[in-house]
Amino acid sequence: EHLETQHVSISPGANIHYTFPQLYFYKPNLWWPNGMGKQHLYNVEITVDVQGYGESDTWSHHFGFRKIESHIDSATGGRLFKVNGQPIFIRGGNWILSDGLLRLSKERYKTDIRFHADMNFNMMRCWGGGLAERPEFYHYCDLYGLLVWQEFWITGDCDGRGDPVSNPNGPLDHDLFLLCARDTIKLLRNHPSLALWVGGNEQVPPPDINAALKNDLQLHPYFVKSNDSDTSAIT
Amino acid sequence: MVEIGKIVLDTGWLAARSTEVEVNGVELTTTRPPTQPESPWMEAVVPGTVLGTLVKNKLVPDPFYGLENESIIDIADSGREHYTFWFFTTFDCKLSNNQHVDLNFRAINYSAEVYLNGHKEVLPKGMFRRHSIDITDILHPDGQNLLAVLVYPPDHPGRIPPQGGQGGDHEIGKDVAAQYVEGWDWMTPIRDRNTGIWDEVSITVTGPVKIVDPHLASTFFDGYKRVYLHSTIELVNKSAWVAECSLNIQVSTELEENTFLI
């Protein structure tokens, strides 16, 4: 039941989207943040074989079944999280990058992130003035159960506040910002540790960027919570 | 013939300041490649930054020791050309019939020109974007392929005020790049503004059809008893004929070491 083969014809030079029939799992092992349970990871492997050629390409990725929900609490103004339906008390650390010269080795990511897990943290927040972190960073957050709050590249100081007051209209090229945002989302979206996208640090992005990010990152209607309370939303 | 899959290009890179290299990208990747780390060429850190390469070669001190950062010239004073660098490497890749190969940069700060065996490609601006170039028709079928990348710093590296401050003069905010590089209350200014090939470089070999950016998502029902995995992929047919494809998705879990449940 966890194996599916489909046939598809692709025209010369064409670029297509293809959606597999959904795969059914009965009570899969869930992925939990650090301190709430194990970080169960499944390996998803996709291959394409071409008639007359053989195996043409292959792709694999660790995948964790988890549902992350969050909302702003009206009483406190704080953001409350649930993972797999369970409330979680967030113990978070701020993160910029592991090295100012961007020597971002797997070994260093592993050590840094495991250190955060050993400190009993369950979330790392990637600050808007730093990096969209790399897949290796997310890989170890997947392994050690660190949820990631990933911000895009807007800060209060450079984008509307600061001394002297900076330009609130963000980068000069808004289309470039959105192109980079969309590409980053595609790069990172399959990691179970990825919990929340945020426009920036201490500042709201310019209205057109903010609106586009909100639109692009909203749930596909297929996944939006329905009246059926058993139907679940995903991030 | 190479197997399908990814080959990471993270060794054997050389680098040189662009103003000290007298040949152009076409010459570098055809008739006049650098052969060893002789001046102005040096061993490069890829992935990494120009400053990382200069530190590795002991041409500047490590900026994170003591006040050593003060002795490294800032891009605002040196000009952007001081931190505009060539990066060079070679690789072998012998393809069989109907194989295709892409050259991939997972991130460059901030823009670049790529030369491969004399062919030029411009990589547009943006620190947080991937670049992928189909190089199938450019590869040398036998022997070495010569790759040179001219990397330009951010367009608006800014100037650090004498009193420092959050994000310096905020000019870096005009670009789509990391902003901490102009200095913050927790960080000294990064003199090259993190210019460089700062993430993985690779080539990927595929057959006629390539998988691009799969998307996995799950839905949950009945108190997490009934769960569905949804998978969407992009497929690119690089061939000149209709490709009849068999797509396979398989989910496995490692029960114990080397024992898998499918």
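Since the structure is predicted, the reported quantities are computational estimates derived from the model, not experimental observations. Residue numbers begin at 1 in each chain, while the letters A, B, ... track the order of the sequences.
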Item to check | Contact origin within Phe20(A) toward chain B - heavy atom pairs under 4.5 Å | outcome: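 Looking at Phe20(A), backbone and side chain both touch chain B.
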Checklist entry - Tell me, side chain or backbone of Asn167(A) under 4.5 Å from chain B's heavy atoms, or both, or neither? => result neither
Check each atom of [X] against the heavy atoms of chain A and say whether the ones under 4.5 Å are side chain, backbone, both or neither.
{"X": "Tyr180(B)", "value": "both"}
{"X": "Pro63(B)", "value": "side chain"}
{"X": "Pro214(B)", "value": "both"}
{"X": "His156(B)", "value": "side chain"}
{"X": "Asn97(B)", "value": "backbone"}
{"X": "Lys6(B)", "value": "neither"}
{"X": "Val181(B)", "value": "neither"}
{"X": "Asp175(B)", "value": "backbone"}
{"X": "Ile190(B)", "value": "side chain"}

Checklist entry - Is the shortest distance from a Lys or Arg side-chain nitrogen in Arg191(B) or Asp74(B) to a carboxylate oxygen in the other one below 4.0 Å? => result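 Here Arg191(B) pairs with Asp74(B) in a salt bridge, since their nearest N and O are under 4.0 Å apart.
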Item to check | pair Val205(B)-Glu3(B): side-chain heavy atoms closer than 4.5 Å | outcome: no
Checklist entry - Which of residues 232-245 of chain B get closer than 4.5 angstrom to chain A, counting heavy atoms alone? => result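 Only Thr232(B), Ile233(B), Glu234(B), Leu235(B), Val236(B), Asn237(B), Ser239(B), Ala240(B), Trp241(B), Val242(B), Ala243(B), Glu244(B), Cys245(B) of residues 232-245 of chain B have a heavy atom under 4.5 Å from chain A.
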